[in-house]
Amino acid sequence: HYFNCIMNMTRKSTDELNAIVKALSKLSLLNTTEEDQRLFDAQQELRRRKKEDDFINAHFQVITYS
């Protein structure tokens, strides 16, 4: 079950993940255990994407032509 949750998060867009984090963070005291896990997984996926994006930006120069 946990693996399915992780795979589910990797398939969501960044906007969807941000919406999940925003919604589940508002009244986190009222979250169920499953919602807390979903919030954690969404936050972890966003951190992973940011780290990956930072690495790419630091190591590859993007050339744009106008």
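Residue numbers run from 1 in the order of the sequence given.
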If I take atom CD from residue Gln44 and atom CG from residue Leu39, how far apart are they, to the nearest 0.5 angstrom? 10.0 Å
Report the residues that fulfil side chain to side chain contact (heavy atoms under 4.5 Å, CB included) with Thr32, sequence neighbours left out, ordered by chain and then residue number. Glu34, Glu35
Find the distance between CG (Asp41) and CZ (Arg38) and round it off to the nearest 0.5 Å. 10.0 Å
Answer yes or no: is there an ion pair linking Arg49 with Glu52, defined by an N-O contact shorter than 4.0 Å? no
Side-chain donor-acceptor pairs of residues 15-25 under 3.5 Å, sequence neighbours excluded:
residue	atom	partner	partner atom	Å
Glu16	OE1	Ser13	N	2.9
Glu16	OE1	Ser13	OG	3.4
Asn18	ND2	Thr14	O	3.3
Ser25	OG	Val21	O	2.6

Hey, mind stepping through Glu45 and Lys12 against side-chain contact (heavy atoms from CB on, under 4.5 Å) and telling me if it holds? CA-CA 10 Å; Glu45 179 62 20; Lys12 294 193 181 298; over 6 Å; no
Under the criterion side-chain contact (heavy atoms from CB on, under 4.5 Å), I'd like the reasoning laid out for Arg47 against Lys51: C-alpha separation, chi angles, the key distance, then a yes or no. CA-CA 6 Å; Arg47 284 187 194 107; Lys51 191 175 181 182; over 6 Å; no
By side chain to side chain contact (heavy atoms under 4.5 Å, CB included), Asp36 pairs with (sequence neighbours left out) Asn31
